[in-house]
Amino acid sequence: MEPDKIGEFKISQPPTDGISSLRFNPSARQFLLVASWDSTVRLYDVVHNQLRSKFQHDGAVLDCVFSDATQVYTGGLDCSLRTFDLNSGQGRAVGQHDKAIRCVDYSASAGVVITGSWDQTVKLWDPRTSENVGSFSQPERVYAMDSCGERLIVGTASRKVLVWDLRNMGYVQQRRESSLKYQTRCIRSFPNEEGFAISSIEGRVAIEYLDPAPEVQRKKYAFKCHRIREGAVETVYPVNAIAFHHGYNTFATGGSDGYVNIWDGFNKKRLCQFHRYPTTIASLCFSRDGSTLAIATSYLFEDHNVLQKPADDAIYIRSITDQECKPK
């Protein structure tokens with residue numbers, strides 16, 4: 001076993017098609033929720049490496065989230081928001097979008113489930129009644145989204161970024177253009193709720209701050225990552241996934257180069273790089289206590305010359321040390 005693979009294992013019975021989203025249970029690092037293009041949502045016990053339950057959609061599932069320890073919400077290409085009770089194993093449809101649901105999130109601060117769709121809307125849902133409590137137009141298709149305390153950050157096609165106040169969705173709080181030149185892939189908010197990281201298909205990540213004051217905005221920056229130079233040729237890879245460590249405010253990025261990097265964004269340093277995985281990093285998620293990182297590898301057909309998957313879809317569970325993720 002290679003030294004940097006110690007403390008890492010593969011989940012048994014992984015999805016049979018591309019993995020789109022990973023979410024740890026907010027109150028127990030034992031349980032991991034996984035959404036997949038094989039039309040399933042799976043719950044794994046990562047301590048015992050067991051598939052605990054499996055739920056079905058009528059199409060590829062693009063995102064999933066826990067609203068509490070036992071209730072999950074999922075959405076995807078069948079345009080349906082579904083909820084599943086992990087205790088009873090029962091599931092039901094909650095509501096619809098006109099096109100695919102790309103993002104599903106839950107804001108504990110606002111007490112709402114949030115969906116973002118390719119139909120150019122964001123919808124809010126009350127988890128107590130599962131009723132739709134509002135639909136809000138976006139300028140383009142929703143590609144990425146994350147709640148940040150009582151705010152919502154939405155990334156759309158055409159590199160638009162919108163900041164909404166979940167307590168008052170009557171108007172957009174901020175309209176921005178991504179500081180990255182190419183299509184947005186992922187948005188994740190800082191655990192301290194001061195800003196967010198945004199990644200693109202062109203091997204870059206930007207660190208953005210929500211406070212519009214000029215002295216705060218001067219702190220924002222972007223950096224290159226997930227690029228491999230061979231001789232005179234540099235290959236630039238999409239950055240598909242970002243995940244924050246809730247204890248240290250450091251974050252991991254995953255790219256189509258098969259690498260996972262951990263960064264100290266506030267001191268502008270890379271803390272470590274893991275071994276290269278067999279194919280594209282599609283999704284990442286830290287457990288709430290920061291002790292574990294789930295890593296999904298799924299080829300996303302980025303290279304039109306490679307139509308066969310170079311490796312099977314897989315989920316790796318890695319124990320994280322302070323040496324790897326604590327600011328130095």
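Below, all heavy atoms of this structure are taken into account, side chains as well, without hydrogens, waters or symmetry copies.
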- Query: Looking at side-chain heavy atoms only, is the closest gap between Ile207 and Phe251 below 4.5 Å?
  - Reply: yes

- Message: Is the terminal nitrogen or CZ of Arg52 (NZ for Lys, CZ for Arg) located under 6.0 angstrom from the six-membered ring centre of Phe31 and within 45° of that ring's axis?
- Response: no

- Item | Ser287 side chain vs Thr292 backbone, donor-acceptor pair below 3.5 Å | yes

- Taking all non-hydrogen atoms of both residues into account, name the closest pair between Ser39 and Val61 and its distance. C-CG2, 3.8 Å

- Query: Which of parallel (below 30°), tilted (30 to 60°) and perpendicular (above 60°) describes Phe286 and His245?
  - Reply: perpendicular

- Query: Any luck finding a side-chain donor-acceptor pair between Glu230 and Thr235 under 3.5 Å?
  - Reply: no

- Message: According to a hydrophobic-cluster definition based on side-chain heavy atoms being under 4.5 Å apart (Ile, Leu, Val, Met, Phe, Trp, Tyr only), do Val161 and Val154 belong together?
- Response: no

- Donor-acceptor contact below 3.5 Å, side chain Lys328 vs main chain Gln323: yes

- Is the shortest side-chain N to carboxylate O distance from Arg227 to Glu202 below 4.0 Å? yes

- Flag side-chain contact, heavy atom, 4.5 Å: Thr74 against Val104: no

- Message: For a side chain to side chain donor-acceptor pair (under 3.5 Å) check, start with the C-alpha distance between Thr121 and His97, then their side-chain angles and the critical distance, and finish with the verdict.
- Response: CA-CA 8 Å; Thr121 68; His97 276 267; 3.1 Å; yes

- Message: Give me the atom names and distance for the closest heavy-atom approach of Val172 to Gln174.
- Response: CG1-O, 3.1 Å

- Query: Would a distance-only check, ignoring hydrogens and angles, find a side-chain to backbone donor-acceptor pair under 3.5 Å from Asn49 to Ser12?
  - Reply: yes

- Is the closest basic N to carboxylate O distance between Arg23 and Asp105 below 4.0 Å? yes

- Are any side-chain N or O atoms of Asn132 and backbone N or O atoms of Leu124, one a donor and one an acceptor, separated by less than 3.5 Å? yes

- Query: Among Phe190, Tyr221, Phe196, whose ring-ring contact (aromatic ring centres under 6.0 Å, His included) with Tyr209 holds?
  - Reply: Phe190

- Short side-chain to backbone donor-acceptor contact, Arg159 and Ser178, under 3.5 Å: yes

- Query: Should the ring pair Tyr277 and Tyr316 be called parallel, tilted or perpendicular, given that the plane angle runs from 0 to 90° and is split at 30 and 60?
  - Reply: perpendicular

- Message: On a heavy-atom basis, which atom in Asn192 and which in Asn249 lie closest, and how many Å separate them?
- Response: N-OD1, 3.5 Å

- Task: Say whether, by atom type as modelled, one donor and one acceptor occur between the side chain of Arg175 and the main chain of Lys160 under 3.5 angstrom.
- Result: no

- Message: With a 3.5 Å distance limit and no angle check, can you tell me whether Ser36 reaches the backbone of Asp17 through a side-chain donor-acceptor pair?
- Response: yes

- Task: Specify the closest pair of heavy atoms between Asp98 and Asp119, including all atoms of both residues, with the distance to one decimal.
- Result: N-OD2, 2.9 Å

- Message: Restricting to non-hydrogen atoms, name the atom on Thr253 and the atom on Leu284 that form the minimum distance, rounded to 0.1 Å.
- Response: C-CD1, 3.5 Å

- Does Arg318 come within less than 4.0 Å of Glu324, counting only side-chain N to carboxylate O? yes

- Is there a side-chain contact between Ile11 and Ile317 (heavy atoms, below 4.5 Å)? yes

- Query: After noting the C-alpha distance and the side-chain angles of Phe223 and Trp263, does the key distance pass the ring-ring contact (aromatic ring centres under 6.0 Å, His included) rule?
  - Reply: CA-CA 11 Å; Phe223 62 95; Trp263 308 88; 4.7 Å; yes

- Message: When you compare the side chain of Leu162 with that of Val122, does any pair of heavy atoms fall below 4.5 Å?
- Response: no

- Item | 4.5 Å side-chain heavy-atom contact, Arg92 and Ser130 | yes

- Task: Output the distance between atom CH2 (Trp164) and atom OH (Tyr171), rounded to the nearest 0.5 Å.
- Result: 10.5 Å

- Task: Measure from the side-chain N and O atoms of Asn25 to the backbone N and O of Ala69, and report whether any donor-acceptor pair falls under 3.5 Å.
- Result: yes

- Message: Looking at Leu152, is its backbone amide N or carbonyl O close enough to the side chain of Ser147 to form a donor-acceptor pair, meaning the two atoms are under 3.5 Å apart?
- Response: no

- Item | Minimum side-chain heavy-atom gap Trp37-Ile19 below 4.5 Å | no

- Asp322, CG atom: more than 12 neighbouring heavy atoms under 6.0 Å: yes

- For the pair Ser283 (side chain) and Ala296 (backbone), establish whether a donor and an acceptor sit closer than 3.5 Å, ignoring hydrogens and angles. no

- Query: Any side-chain heavy-atom pair from Met145 and Ile153 closer than 4.5 angstrom?
  - Reply: no

- Between atom OG1 of Thr16 and atom CG of Asp38, what is the distance when rounded to the nearest 0.5 Å? 4.0 Å

- Item | Heavy-atom side-chain contact between Asp264 and Tyr248 under 4.5 Å | no

- Non-hydrogen atoms of Asn240 and Cys186 that approach each other most closely: O-CB, 3.7 Å

